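Worksheet for the structure shown next.
One-based numbering, in listed order, for ligands and for the atoms of each. Computed from heavy atoms alone, side chains included, the values below leave out hydrogens, waters and symmetry copies. Everything numeric here is computed off the predicted structure, so don't read it as measured data.
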Amino acid sequence: MLKDETFIELNQKTYPRCYLHRSNSNDVARTENLTFICTRKKEDAGPTNNWMAPADAKDKIRPLFDGAMKGRTMYVVPYIMGPASSPYSKIGVEITDSAYVAASMRIMSRMGGVALDRLGRSGDFVPGLHSLGDLSPDRRFIAHFPEEKLIWSIGSGYGGNALLGKKCFALRIASWMAREQSWMAEHMLILGLEDPSGKVTYMAAAFPSACGKTNLAMMVSALESQGYRVWTIGDDIAWMHIGPDGTLRAINPEAGFFGVAPGTNGKTNPNVMTAIHHDTIFTNVAMTESREPWWEGMDSTPPSGLTDWHGKKWSAGKMAAAHPNSRYTVPAGQSPSISSHWEDPQGLPISALIFGGRRARLAPLVYESHNWQHGVFVGATMASETTAAATGAVGVTRRDPMAMLPFCGYNMGDYFGHWLAMGSKLKNPPRIFHVNWFRRDADGKFLWPGYGENVRVLKWMLDRIEGRAEAAETPIGNVPTPSSLTLDGLSISRDTLNELLAVNPQDWADEEQAVSKFFSKFGDRLPAAICQEQKALAARLVALSSH
Ligand code: O2Y
Ligand code: MN
């Protein structure tokens with residue numbers, strides 16, 4: 001890779017065994033519009049997925065594979081998603097003509113001999129066929145065949161399109177398997193919150209992109225001096241099974257982090273900044289004169305003599321030096337925050353599920369659902385407002401149930417039904433919460449400091465679970481009373497706190513209308529229990545406004 005410049009060597013004194021990869025400039029992110037769920041019946045893919053019939057998809061894509069790997073090295077990549085000895089792990093085999101993909105899969109999964117050993121003579125693996133093709137978006141397809149547990153991807157060498165163990169297998173194919181086998185494949189981080197007695201409570205959280213999921217998973221707690229510490233189990237995907245004792249147990253199917261570089265620094269994520277100083281692949285970041293990686297938001301001022309992500313000399317102006325979706329790929333075990341239990345084969349017991357979104361006005365800092373069914377409704381109504389980095393358009397509300405809209409391998413109406421069914425199988429279902437770190441005041445300023453201070457919200461959840469924290473009932477759920485939050489050491493006025501926790505019935509009535517429009521897409525695949533929750537919320541809002 002060094003010889004053919006697939007990899008560029010970074011400073012081996014300050015960044016040992018770290019390399020920079022520059023992708024083709026038209027291949028810099030997952031491409032949802034070119035991603036397909038290929039089920040025999042269109043309704044099984046549902047209204048939120050692109051669909052092709054399996055035979056049509058194969059007829060269209062097969063010719064693109066013909067001769068595509070000629071003159072290239074073909075890598076056969078056997079890999080395990082999940083800890084090598086976990087009964088919940090699954091095997092995939094990716095065939096690829098990209099050395100960069102093979103090297104990245106080595107970080108992101110348990111790859112090679114360990115996977116072959118586990119596979120033995122069994123044929124129980126998910127095959128994935130990948131080729132860079134000619135990298136033209138006109139001939140790019142990321143096709144999933146969930147009925148036969150098969151993935152075909154051509155025309156992209158980037159991230160979620162090409163590292164087939166991640167979004168393609170661990171979410172789209174796995175979500176289908178999970179429904180068949182009564183478990184859950186979710187777009188969730190997993191963390192452990194340690195309390196002063198040393199007890200660790202595990203939580204899983206789903207957020208749409210640009211909500212700081214990796215930062216939350218690897219947080220340095222602002223309450224460390226009081227004995228509250230956060231441990232990382234995973235930053236993106238959770239596979240959750242009902243354990244023999246009826247609790248929900250989660251494993252992280254991945255072995256590494258494929259995180260967004262811009263905006264990552266010693267304040268937003270000090271743990272990952274430590275982790276990426278060795279054995280890391282950087283993709284599309286800028287490089288300093290001393291061959292160190294650099295991106296916007298790493299330091300306040302760009303150093304002189306930067307090379308941009310295209311490999312050209314960079315000068316300050318309109319264009320960013322690092323691509324906004326530039327990435328680091330780093331083994332999870334390198335983070336100082338990694339839990340000593342992150343590879344426990346039986347998974348970790350989940351006590352709280354957290355949904356979240358970026359809502360400037362609507363949602364309070366945190367609220368707790370009334371019960372599992374209401375919590376599923378809260379997840380199904382999740383939405384986030386876009387940032388410029390994500391879409392170019394600012395403040396557009398995108399509905400993203402359970403942060404799974406781009407990743408659910410089947411009809412999302414049926415997916416809500418699966419969530420409801422899982423709740424009734426759990427002896428002691430996790431509590432379900434919703435958070436919003438991004439509420440703003442009338443001047444557009446964030447009301448909550450975020451980052452390490454978010455541990456105060458996790459602590460409130462823990463206190464609710466333990467029956468120690470007070471809450472006020474509102475139509476949307478239980479909101480903390482101001483005194484139930486641990487705020488010592490944080491300078492926040494009572495007015496700001498009231499604004500952070502307020503529930504405005506008119507704003508929620510408008511939201512309820514938007515939700516109703518979104519749900520109408522699913523027709524009769526929307527479970528009755530979800531309609532029931534929607535009606536109940538509407539009635540509670542009416543009751544409050546007429547009070
Ligand atoms: O653009 C890509 O290919 C990466 S997308 C991604 C990467 C890591 C974790 N999550 C995501 C995502 O889009 O949710
Ligand atoms: Mn993700």
Side-chain angles (χ1 to χ4, degrees), residues 21-35 81 96 98 100-101 104-105 107-109 130 132 135 137 140 142 151 153 155-172 174-175 185-190 204-218 232 234-239 252-264 269 272 275-276 280-285 295 309 322-332 354-358 382 384 386-387 389-391 398 400-409:
H21 171 73
R22 295 188 182 121
S23 73
N24 189 291
S25 56
N26 68 17
D27 185 29
V28 291
R30 279 190 302 111
T31 43
E32 279 170 31
N33 55 326
L34 304 173
T35 299
M81 296 312 288
T96 178
S98 161
Y100 163 76
V101 165
S104 302
M105 286 293 286
I107 294 178
M108 295 303 294
S109 67
H130 171 252
L132 296 170
L135 291 177
R140 179 178 299 164
I142 313 355
I151 305 159
S153 166
S156 165
Y158 200 89
N161 290 341
L163 312 180
L164 300 187
K166 190 171 177 62
K167 303 297 188 180
C168 299
F169 180 175
L171 287 175
R172 298 195 190 96
S175 60
E186 298 301 327
H187 189 201
M188 288 183 166
L189 65 87
I190 312 167
F207 297 91
S209 15
C211 288
K213 203 164 141 203
T214 300
N215 296 344
L216 181 66
M218 302 175 83
T232 310
D235 81 325
D236 196 39
I237 300 177
W239 282 1
N252 171 11
E254 302 191 277
F257 307 128
F258 181 60
V260 177
T264 305
N269 196 333
V272 94
I276 61 181
T280 299
I281 300 172
F282 294 90
T283 305
N284 292 345
V285 301
W295 48 78
W309 68 276
H323 188 276
N325 194 36
S326 55
R327 301 266 165 176
Y328 51 78
T329 312
V330 62
I354 306 168
F355 296 122
R358 185 181 274 271
M382 250 174 78
S384 203
T386 53
T387 60
T391 60
R398 283 180 142 194
D400 190 356
M402 284 85 170
M404 280 290 277
L405 197 81
F407 306 119
C408 184

Practice task
Without swapping roles, check the side chain of Ser384 against the backbone of Arg358 for a donor-acceptor pair under 3.5 Å.
Solution key: yes
Practice task
Determine the interplanar angle of the His187 and Phe407 rings, folded into 0 to 90°, and report it as parallel if under 30°, tilted if 30 to 60°, perpendicular if over 60°.
Solution key: perpendicular
Handout entry: Shell of protein N/O/S atoms around the Mn ion (ligand 2), taken as anything under 2.8 Å
Key = Lys167 NZ, His187 NE2, Asp236 OD1
Exercise for the section: Give a yes or no answer on whether the side chain of His323 reaches the backbone of Pro262 with a donor-acceptor pair at less than 3.5 Å. Expected result: no
Practice task
Hey, can you tell me if His21 and Tyr100 have their rings parallel, tilted or perpendicular (30° and 60° cut-offs)?
Solution key: parallel
Go ahead and list the nitrogen or oxygen contacts between ligand 1 and the protein that come in under 3.5 Å, distances to 0.1 Å, or just say none.
residue, atom, partner, partner atom, Å
ligand 1, 1 (O), Arg30, N, 3.0
ligand 1, 1 (O), Asn325, ND2, 2.9
ligand 1, 3 (O), Arg30, N, 3.3
ligand 1, 3 (O), Gly160, N, 2.8
ligand 1, 10 (N), Lys167, NZ, 3.0
ligand 1, 10 (N), Asp236, OD1, 3.3
ligand 1, 10 (N), Asp236, OD2, 3.4
ligand 1, 13 (O), Arg30, NE, 3.0
ligand 1, 13 (O), Arg30, NH2, 3.0
ligand 1, 14 (O), Lys167, NZ, 3.0
ligand 1, 14 (O), His187, NE2, 3.1

Exercise for the section: State, yes or no, whether a side-chain contact exists between Val260 and Asn325 at a heavy-atom distance under 4.5 Å. Expected result: yes
Handout entry: Ile237 side chain reached by Met81 side chain, heavy atoms, under 4.5 Å
Key = no
Completion exercise
All heavy atoms of Leu135 vs all of Ser156, minimum pair found to be CD2-CA, 3.9 Å
Exercise for the section: Could you grab the distance from atom CD1 of Ile142 to atom CD1 of Ile151, nearest 0.5 Å is fine? Expected result: 11.0 Å
Completion exercise
Output for pair (Ile354 CD1, Leu189 CG), nearest 0.5 Å, gives 7.0 Å
